[in-house]
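Residue numbers begin at 1 in each chain, while the letters A, B, ... track the order of the sequences.
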Amino acid sequence: MSLNITLPDGSVRAFDGPVTVAEVAANISAGLARVALAGKVDGKLVDTSFRIEQDASVAIITSHDADGVEVIRHSTAHLLAHAVKEVYPDVQVTIGPVIENGFYYDFATPRPFGPEDLAAIEKRMAEINKRDLPVIREVMGRDEAVAFFKNMGEAYKAEIISSIPANEQLSLYRQGDFIDLCRGPHVPSTGKLKVFKLMRVAGAYWRGDSKNEMLQRVYGTAWAKKEDQEAYITRLEEAEKRDHRKIGKQLDLFHLQDDAPGMIFWHPKGWSLWQEVEQYMRQVYRKHGYHEVRCPQILDKSLWQKSGHWDNFSKNMFTTESEARDFAIKPMNCPGHVQIFNQGVRSYRELPLRYGEFGSCHRNEPSGALHGVMRVRGFTQDDGHIFCTEDQIQGEVSDFIVLLKRVYADFGFTDIQYKLATRPEQRVGSDATWDKAEQALDQALTAAGVEFEVLVGEGAFYGPKIEFHLRDCIGRTWQCGTIQADFSMPGRLDAEYVDEDNTRKVPVMLHRAILGSLERFIGILIENFAGAFPLWLAPTQLVVMNISEAQIPYAQQVVDALRAEGVRAEIDLRNEKIGYKIREHSMQKVPLQVVIGDKEMAAQVVAVRDRSGQDLGQMSLDGLLALVRAGVAERSGVSV
RNA sequence: GCUGUUGUAGCUCAGGGGUAGAGCAACUGAUUCGUAAUCAGUAGGUCGGAGGUUCAAAUCCUCUCAACAGCACCA
């Protein structure tokens, strides 16, 4: 019986009988056989030992394929587990999947791993790589496999297998003395795994549940080529250089200290940046029909009970008391806005009624969740609430999506992902209400013509939400904006309006934010621009430097004129060499640098350079002002 | 919150039972200079906090606070 193998280039090779992927590779060339890591038979990824029984299309997978790198990572996870079992025989293995850029493996260990353990394990991995052990696939029935792993003392593995249907055949992979349950495929031998590095150890809960015991998770990275791994590590270092906590310190933007965990001290420059963002958003409120409001920070507990926060959110709320009354510091702005809505009798003619606030909120986040300015306990939202009728929801949501895209573009972000988060387990409101709310958001997204992902069970307790995630210049995504349809809270807090037919109705409330938390958004801006803010945001837009004492009066005159026109200009008259001053201001990322020497003073002009060192030439004061204005007007230079 | 790691001068970091260190920044003086570091000098620390062991603790032990990484959380 002969069979035909079709290769990716369309050519067909005939074989006398069943062949393995490895044999097909060898038939093509000895070189290919040497580098083959796996195969793709009729679109399915398999081991090189896989036997092809009938006509098929076959691709040989090498380290040049994305699939090949995946296989390398997966096999390196096994290599890690193998090494751990050799170095620490009393450790139990659990699972070890491939993740972005690498893999991890969770172990149950009698004592936690430290950095020295990592080094020892990595060394053993290199040894096993040198042994070039063949990786052999075996098949077992489920019950047989459970018994097999129990017998080896691998309780976790046995537990995983027990949850697989009884009639299924399981594949196991053996390399030397090490054997692990795995779907595969794997590289043909451990000698193929040359480029890897263990990155860190951390605790991780068994089956991802914080009620379970904690395992030791070892993270690693693995690549086809050494250069790829080096490039990856360089990329990590680059990201580290952009870390907002580091840049915040370098540029003197803010600080945090032990006395106020998760709360930020904004320094003058950081606050300048903040104010630019806030004033910009205030314009957005004004231009798009929002009334800016301001509500109390502290409200009586009973109001939070009524709104549902006390039942659903109290573990995250800071509380206080006075004269035997209990209060809570607001974690959200919505109940406050409903109180404003409730003053007086509302008519359907007033809807949609939009309130916006730069709402200062406090949430008692778990200590382990805190992260610089990105995840804090005290933060400010650009929080708006739209009171409207059901018929108005879709239009409001659609308008919001358009607005949000424009705002993000002004900050330099154009790559946005959309997600619809549906009803969570813990919630208020009837299922019928949730049906309605989820449908409304779904329709608005569809009408906006954007693709979106559904996040099942991740909505807020009072309603479903659309999440807007933006991608920064190094490819990371951040959730910022949101819009949520709430059919419950207005009713709970007694909001109503008089409709056309003179009956009283409960309005729908849309919760919405564009930037989300200003703290977090500014953190994202810092990392996205690596501190080199566009002119409109830069805390110091321009610095004027003299070359020697003789030009001090003229330099002072120039900076005064710029400041009078609203330019955030600084002056540096220190008795230092011009190169020294330029270096300092360049490191401080000041966008425009004005140098004044005798020549400029004589001609009543200024010499301008930018922070990257580009010479913008000599110009008059008016010319400089025009340059600044044009730069500010351009914002982040992106148009939608 | 959980596991691990870390906390020393304004910043970056060294020192690991025996007198607290470096570079940069700061301050003082000299230098008046043309596009990313001029020279010299001075000052600066309860070694995160509280207990303990010791003749002696930044160093060892206990507790605690905070930060960092991951997990869980992100309503």
Side-chain angles (χ1 to χ4, degrees), chain A residues 99 104 106 109 111-118 199-219 240 243 245-246 249-250 252 255-262 308-309 311-317 331-332 334 361 363-372 374-377 379 421 424-428 457-463 465 467 479 482 484 511 516-517 520 545-552 573-588 593-600 607-616:
Chain A
I99 52 173
Y104 67 79
D106 287 348
T109 66
R111 64 168 179 90
F113 284 148
E116 329 72 50
D117 297 304
L118 228 55
M199 306 298 281
R200 60 171 65 95
V201 252
Y205 299 106
W206 168 236
R207 301 208 145 170
D209 189 333
S210 59
K211 287 194 277 294
N212 289 343
E213 62 272 36
M214 184 160 277
L215 307 171
Q216 290 295 301
R217 175 171 298 177
V218 178
Y219 284 91
E240 207 172 309
D243 192 312
R245 293 164 299 192
K246 193 170 178 160
K249 212 176 266 177
Q250 283 165 351
D252 195 17
H255 85 272
L256 293 112
Q257 68 187 46
D258 291 7
D259 310 84
H309 286 82
D311 285 338
N312 290 282
F313 202 63
S314 57
K315 68 176 189 299
N316 284 310
M317 287 161 70
M332 296 188 201
C334 29
C361 296
R363 297 182 189 176
N364 198 0
E365 301 285 356
S367 57
L370 303 179
H371 178 85
M374 300 293 203
R375 189 84 185 272
V376 287
R377 289 188 176 145
F379 58 96
E425 299 256 325
Q426 195 179 9
R427 60 178 182 261
V428 295
E458 292 193 20
F461 72 81
Y462 47 75
K465 59 183 180 183
E467 292 180 1
Q479 196 220 307
T482 182
Q484 311 169 357
H511 305 243
S517 128
R520 181 172 156 82
M545 296 169 270
N546 64 324
I547 285 175
S548 61
E549 257 174 31
Q551 306 98 33
I552 288 178
L573 299 173
R574 289 176 304 170
N575 180 9
E576 294 290 351
K577 287 187 162 180
I578 196 68
Y580 180 87
K581 295 188 191 180
I582 285 172
R583 176 167 196 271
E584 233 173 52
H585 298 298
S586 296
M587 290 197 305
Q588 285 293 307
Q593 305 172 356
V594 170
V595 175
I596 291 177
D598 284 335
K599 280 183 282 185
E600 286 74 20
V608 186
R609 80 196 297 281
D610 71 15
R611 62 189 151 204
S612 70
Q614 198 193 340
D615 186 3
L616 304 180

For A/K599 and for A/P331, locate the closest nucleotide of RNA chain B by heavy-atom distance; then report the residue assigned to the nucleotide nearer the 5' terminus.
-> A/K599
Residue-phosphate contact under 4.0 Å: [X] side-chain N/O, [N] OP1/OP2:
{"X": "A/K249", "N": "B/U12", "result": "yes"}
{"X": "A/H371", "N": "B/A69", "result": "yes"}
{"X": "A/Y219", "N": "B/U3", "result": "no"}
{"X": "A/Y104", "N": "B/C71", "result": "no"}
{"X": "A/S367", "N": "B/G1", "result": "yes"}
{"X": "A/R245", "N": "B/A69", "result": "yes"}

With syn defined as a glycosidic torsion within 90 degrees of 0 and anti otherwise, which applies to B/G16?
-> syn
From the set [options], return the single nucleotide nearest to any side-chain atom of [X].
{"X": "A/S210", "options": "B/A72, B/C65, B/A69", "answer": "B/A72"}
{"X": "A/P112", "options": "B/U3, B/C33, B/G34", "answer": "B/U3"}
{"X": "A/R609", "options": "B/U35, B/A37, B/A67", "answer": "B/U35"}
{"X": "A/M214", "options": "B/U38, B/C2, B/C74", "answer": "B/C2"}
{"X": "A/R583", "options": "B/U32, B/A37, B/C73", "answer": "B/A37"}
{"X": "A/K577", "options": "B/C33, B/A25, B/U12", "answer": "B/C33"}
{"X": "A/I547", "options": "B/A25, B/G1, B/G34", "answer": "B/G34"}
{"X": "A/S548", "options": "B/C73, B/U32, B/A25", "answer": "B/U32"}
{"X": "A/Y580", "options": "B/A66, B/G34, B/A25", "answer": "B/A25"}
{"X": "A/A204", "options": "B/C71, B/C33, B/G34", "answer": "B/C71"}

Taking the [atom1] atom in each of [N] and [M], what is the distance between them to the nearest angstrom?
{"N": "B/G34", "M": "B/G15", "atom1": "P", "value": "43 Å"}
{"N": "B/A58", "M": "B/G45", "atom1": "P", "value": "16 Å"}
{"N": "B/A37", "M": "B/G21", "atom1": "P", "value": "32 Å"}
{"N": "B/C33", "M": "B/A20", "atom1": "P", "value": "47 Å"}
{"N": "B/C60", "M": "B/A14", "atom1": "P", "value": "15 Å"}
{"N": "B/U19", "M": "B/U59", "atom1": "C1'", "value": "15 Å"}
{"N": "B/A50", "M": "B/A57", "atom1": "P", "value": "14 Å"}
{"N": "B/A56", "M": "B/G17", "atom1": "C1'", "value": "8 Å"}

Is there a Watson-Crick or G-U wobble partner for [N] with both distances under 3.5 Å, and if so, which one is it?
{"N": "B/C11", "result": "B/G23"}
{"N": "B/C71", "result": "B/G1"}
{"N": "B/G29", "result": "B/C39"}

Between the side-chain atoms of [X] and the base atoms of [N], is any donor-acceptor pair under 3.5 Å?
{"X": "A/Y205", "N": "B/G1", "result": "yes"}
{"X": "A/E365", "N": "B/G1", "result": "no"}
{"X": "A/R207", "N": "B/C71", "result": "no"}

Ignoring hydrogens and angles, tell me if any N or O in the side chain of [X] forms a donor-acceptor pair with the backbone of [Y] under 3.5 Å.
{"X": "A/R377", "Y": "A/N364", "answer": "no"}
{"X": "A/E584", "Y": "A/G579", "answer": "no"}
{"X": "A/Q216", "Y": "A/T109", "answer": "no"}
{"X": "A/K581", "Y": "A/N546", "answer": "yes"}
{"X": "A/R520", "Y": "A/V376", "answer": "no"}

Value in whole Å for how far the C1' atom of B/A37 lies from CD of A/Q588 | 15 Å
Is A/Y462 close to A/N312 at the side-chain level, that is, under 4.5 Å between some pair of heavy atoms?
-> no
